[in-house]
There are 2 protein chains.
Amino acid sequence: MSQEMEHCQQQLKEKGYKFTNQRKTIIEILLSSQKHLLTAGQIYDETRQKNLPLNYSTVYRNLETLLESGLVKRVSLQDGTASYEYNRHRHHHHLICLKCHDAEMIDYCPYEDINRYIKEHTTFYPVEHRFEIYGYCEKCRKNMKRD
Amino acid sequence: MSQEMEHCQQQLKEKGYKFTNQRKTIIEILLSSQKHLLTAGQIYDETRQKNLPLNYSTVYRNLETLLESGLVKRVSLQDGTASYEYNRHRHHHHLICLKCHDAEMIDYCPYEDINRYIKEHTTFYPVEHRFEIYGYCEKCRKNMKRD
DNA sequence: ATTTGTGCAAAGAGTTTGCAACCAT
DNA sequence: ATGGTTGCAAACTCTTTGCACAAAT
């Protein structure tokens, strides 16, 4: 079992959750997918492709559990769909392609400037932030040029 | 009819849409609500409170129409719900309260810095961005202290 | 008069829940 | 053994669609 998996097992244990095969499957899918963000549906489909079919309710319930355990993060995108990523504990944001819907990570975060602005101009107490850039990835731009 | 309304009428006309009472109702609700962002459901409820009840499909279809005409903007929030605001054509972002779910606008936008970063570090072509801060508004903080 | 828009009802997507059987610890 | 977990089916929420009738231009 990979080091990453060991970590997951331990993390679940700490929260009183079991390390079931279904959870393992979901984590493996998140870890190995080329896509950086996966929807519940994509994860569901992937379990079938892997011949480890899970029920939809199992997928949803476990994503919730993994979220609570801090093992995955949820991002809900502009179009209202929720996507999940394995939590690599490094703060980042996403560049999301409007064509292929895949995401790249960027380390850039405008938080500090924002925070200063909010403190100076408002009475709001910030807790978290959400920041995404939508556009076109290199691959899709090349494909578009070709057509 | 208010100047804002005249503008809406004209804008719809330009796109070949009619200026129906139902659309007027929705625009009025968006213009007059204390909340800065309203969900389709909240708009639906409000039409009943105003004794100008609209059907859900009318609400959804017209929000789509108003969106196309550039009269409203849609923001889909962290929890996956879509909210709408009257488009005041001034670029801004939102401070969204995790308790009362109301939103404040801020003029601050990190776009320029982001854009520079993306150009320098990636091959991504940015088109639009999404940026929200979640936290607690003054009113809710005061209420919490009291309890 | 024409064309778009409305209300109704029904269908669709995505997600959640109750329950009996099951499995990890 | 036992308490969390699964699969199934059904429910639920939010949103969309087809259609006949109504309203705006």
Side-chain angles (χ1 to χ4, degrees), chain A residues 1 5-6 8-27 29 37-48 50-69 71-72 74-84 101, chain B residues 1 5-6 8-27 29 37-48 50-69 71-72 74-84 101:
Chain A
M1 188 158 59
M5 270 298 171
E6 305 255 8
C8 292
Q9 178 166 30
Q10 193 191 325
Q11 200 68 20
L12 285 167
K13 198 176 195 172
E14 269 177 31
K15 298 264 179 177
Y17 295 124
K18 290 174 180 169
F19 189 57
T20 63
N21 287 321
Q22 288 87 338
R23 284 174 187 158
K24 225 181 292 183
T25 301
I26 293 175
I27 294 166
I29 287 170
L37 293 172
L38 291 174
T39 64
Q42 288 171 327
I43 293 168
Y44 173 88
D45 293 343
E46 194 65 27
T47 63
R48 277 148 220 254
K50 281 200 159 198
N51 270 313
L52 295 164
L54 301 188
N55 194 275
Y56 252 119
S57 50
T58 305
V59 172
Y60 278 110
R61 278 194 281 232
N62 281 332
L63 285 171
E64 213 58 46
T65 305
L66 296 172
L67 217 54
E68 255 180 59
S69 314
L71 293 171
V72 311
R74 170 156 54 196
V75 184
S76 88
L77 303 182
Q78 210 177 37
D79 61 5
T81 59
S83 289
Y84 300 83
H101 300 104
Chain B
M1 190 158 58
M5 269 299 171
E6 305 255 8
C8 292
Q9 178 166 29
Q10 192 190 327
Q11 200 69 18
L12 284 166
K13 198 177 195 172
E14 268 177 32
K15 298 264 180 177
Y17 295 125
K18 291 173 182 170
F19 189 56
T20 63
N21 287 321
Q22 287 87 339
R23 283 174 189 160
K24 226 181 292 184
T25 301
I26 293 175
I27 293 166
I29 287 170
L37 292 172
L38 292 174
T39 64
Q42 288 171 327
I43 293 168
Y44 173 88
D45 293 343
E46 194 63 28
T47 64
R48 281 158 209 250
K50 281 200 160 201
N51 269 313
L52 296 164
L54 301 189
N55 194 275
Y56 252 119
S57 49
T58 305
V59 173
Y60 278 109
R61 278 193 282 231
N62 281 332
L63 285 171
E64 212 59 46
T65 304
L66 296 172
L67 217 54
E68 256 180 57
S69 314
L71 293 172
V72 311
R74 170 156 54 198
V75 184
S76 88
L77 302 182
Q78 207 177 38
D79 61 5
T81 59
S83 288
Y84 299 83
H101 300 104

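A, B, ... follow the sequence lines: proteins, then strands. Residue 1 opens every chain.
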Close N/O contacts between protein and nucleotides 5-9 of chain D (under 3.5 Å):
residue : atom : partner : partner atom : Å
D:dT5   : OP1  : A:Lys18 : N            : 3.1
D:dT5   : OP1  : A:Arg23 : NH1          : 2.3
D:dT5   : OP1  : A:Arg23 : NH2          : 2.9
D:dT6   : OP1  : A:Thr20 : OG1          : 2.8
D:dT6   : OP1  : A:Asn62 : ND2          : 3.3
D:dT6   : OP2  : A:Asn62 : OD1          : 3.2
D:dT6   : OP2  : A:Asn62 : ND2          : 3.3
D:dT6   : O3'  : A:Gln22 : NE2          : 2.9
D:dG7   : OP2  : A:Thr58 : OG1          : 2.4
D:dG7   : N7   : A:Arg61 : NH2          : 3.0
D:dG7   : O6   : A:Arg61 : NH2          : 3.0
D:dC8   : N4   : A:Ser57 : OG           : 3.2

### Task
Give the rounded distance in Å between these two atoms: CG of A:Leu63 and P of C:dG14.
15 Å

### Message
Test your reading of the model: is there a side-chain donor-acceptor pair from B:Thr47 to the backbone of B:Ile26, 3.5 Å cut-off?
### Response
no

### A:Arg23 vs A:Thr65 side-chain heavy atoms within contact, under 4.5 Å
yes

### Task
Can you tell me the distance, in whole Å, between the NZ atom of B:Lys24 and the C1' atom of C:dT4?
16 Å

### Task
Under the side chain to side chain contact (heavy atoms under 4.5 Å, CB included) rule, collect the residues that match up with A:Asp45, sequence neighbours excluded.
none

### Message
Measure CD/A:Glu64 against P/D:dG4 and give the value in whole Å, please.
### Response
17 Å

### Task
Starting from the first five and the last five pairs of the helix from C:dA1-D:dT25 to C:dT25-D:dA1, work out the angle between the resulting helix axes, to 10 degrees.
40°

### Query
A:Lys15 NZ to D:dG3 C1': how many Å, rounded?
19 Å

### Task
Please report, rounded to the nearest Å, how far the P atom of D:dC14 is from the CZ atom of B:Arg74.
15 Å

### Closest-nucleotide 5' rank along DNA chain D - winner of B:Lys13 and B:Ala82
B:Ala82

### Message
In whole Å, I'd like the distance from the OH atom of B:Tyr56 to the C1' atom of D:dG18.
### Response
21 Å

